[in-house]
There are 2 protein chains.
Amino acid sequence: MAENLRKTAQRDAILYAIQHAEGPMTVNQILKEVQKKIPKLGIATVYRTIKHLLKQKSIKVVSLPNDVVRYETNDLGHHHHFSCVKCEKVFDMPGCMLPKINGTEIYNGYLILNHEITLFGECPSCRGI
Amino acid sequence: MAENLRKTAQRDAILYAIQHAEGPMTVNQILKEVQKKIPKLGIATVYRTIKHLLKQKSIKVVSLPNDVVRYETNDLGHHHHFSCVKCEKVFDMPGCMLPKINGTEIYNGYLILNHEITLFGECPSCRGI
DNA sequence: ATTGATGCAAACCTTTTGCAACAGC
DNA sequence: GCTGTTGCAAAAGGTTTGCATCAAT
């Protein structure tokens with residue numbers, strides 16, 4: 001019994017919110033944002049929709065140190081994140097400072113398949129730029 | 001009223017467990033390990049002790065993507081972590097692939113103060129080595 | 001009409017807190 | 001003896017689940 005997913009206003013709005021956000025969003029940010037359009041949206045629907053979107057790989061988990069879990073679209077390509085220690089916002093950082101990983105990298109006996117980098121510091125607006 | 005911390009068997013055992021672990025430990029791993037010595041140890045004591053150890057900077061948070069929060073001693077120097085996608089263990093990876101950060105790095109307007117790298121892949125024992 | 005999706009509330013699980021008993025100093 | 005600490009249980013937070021109703025197909 002393969003699941004037969006239906007198109008609903010809630011799912012459309014949730015995915016739209018994630019796609020059009022400045023950076024990775026928390027569950028509560030998603031809830032508040034979508035409730036502007038659909039006030040009766042319940043938190044359970046957000047969680048369930050996130051699960052579906054994750055399963056179909058439309059979005060991915062962004063789990064940064066010392067932060068709640070966030071979600072972003074999966075079409076951004078390889079990039080990393082910057083976490084501002086002042087305003088606590090999270091920004092996407094295009095590009096990568098590490099050499100490309102092709103799935104055969106061995107380091108001290110460890111096979112490296114992937115990596116995540118989180119930068120911490122002060123964002124431009126918190127620096128007054 | 002500066003807090004006057006006392007030395008107790010529980011705190012000693014909890015710190016000992018973290019210091020002598022293979023890698024960063026979860027709250028439950030700490031609880032189970034210390035309960036071998038102090039069976040009546042409560043989970044609340046583990047959480048409270050972790051808070052104290054964090055405040056006095058004896059330990060630090062290790063919060064990796066797609067994993068529960070872990071803790072490790074704070075005397076390991078700059079290093080990163082390897083998360084095995086097969087056995088799900090976390091290992092310390094000495095050394096760093098990124099240039100040294102001295103607190104004045106500017107990147108696209110962002111002031112970089114610190115960074116964390118998590119590598120994902122297969123550990124030596126899961127690779128059959 | 002069928003069956004997946006939603007909203008609500010209850011259930012769950014992890015973390016925190018209140019409190020009386022305990023124990024370091 | 002004073003006061004910080006512990007274990008227990010209750011509370012608080014965040015996430016999941018059950019279920020009757022709603023709605024996409």
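Just so we're on the same page: letters track the sequence lines, and every chain starts at 1.
I43(A) places its CD1 atom 15 Å from the C1' atom of dT17(D), with the value rounded to the nearest Å. Between K55(A) atom NZ and dT16(D) atom P the separation is 12 Å, expressed in whole Å. For the pair K51(B) NZ and dT14(C) C1', the computed distance is 12 Å after rounding to whole Å. With rounding to whole Å, L54(A) atom CG is found 13 Å from dT15(D) atom P. For the pair Q35(A) CD and dG7(C) P, the interatomic distance rounds to 9 Å; values are reported in whole Å. If you measure from atom NZ of K32(B) to atom C1' of dT14(C), you get 13 Å, rounded to the nearest angstrom. Atom CG of N4(B) and atom P of dA23(C) are 19 Å apart (whole Å). At whole-Å resolution of the value, NE2 in H52(A) and P in dT16(D) are 12 Å apart.
Using modelled atom types, no side-chain atom of R11(A) and backbone atom of L5(A) make a donor-acceptor pair closer than 3.5 Å. Here the side chain of N74(A) pairs a donor or acceptor atom with the backbone of K57(A) at under 3.5 angstrom. The closest donor-acceptor contact from the side chain of R70(B) to the backbone of M25(B) lies at 3.5 Å or more, if one exists at all. Remark: side-chain polar atoms of Q35(A) are paired, donor with acceptor, to backbone N or O of L41(A) under 3.5 angstrom.
The side chain of R48(A) approaches dT17(D) more closely than any other nucleotide in the set dT16(D), dA5(C), dT17(D). Considering only the side chain of Y47(A), dT16(D) comes nearest among dG4(D), dT6(D), dT16(D). Comparing dG4(D), dG7(D), dT17(D) against the side chain of A44(A) picks out dT17(D) as the nearest.
Interatomic distance, CD of E33(A) versus OG1 of T26(A), reported as 11.0 Å (0.5 Å rounding). Atom-to-atom distance recorded for I14(B):CD1 and Q19(B):CD is 12.0 Å, nearest 0.5 angstrom.
By the 30° and 60° cut-offs, the orientation of the rings of H115(B) relative to H80(B) is tilted.
Remark: the D75(B) side chain and the T73(B) side chain contain an N/O donor-acceptor pair separated by less than 3.5 Å.
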Check residues 84-97 of chain B and write down every donor-acceptor pair under 3.5 Å in which the side-chain atom is one partner and the other belongs to a residue at least two apart or another chain.
residue, atom, partner, partner atom, Å
D92(B), OD1, H79(B), NE2, 3.4
D92(B), OD1, H81(B), NE2, 3.2

Distances for protein N or O near nucleotides 23-25 of chain D N or O, under 3.5 Å:
residue, atom, partner, partner atom, Å
dA24(D), N3, R6(A), NH1, 3.2
dT25(D), OP1, K7(A), N, 3.4

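Contacts with DNA chain D (heavy atom under 4.0 Å) in residues 10-19 of chain B: Q10(B), R11(B), listed by number.
Residue contacts shown for L41(A) are limited to sugar-phosphate atoms, with no base heavy atom under 4.0 Å away.
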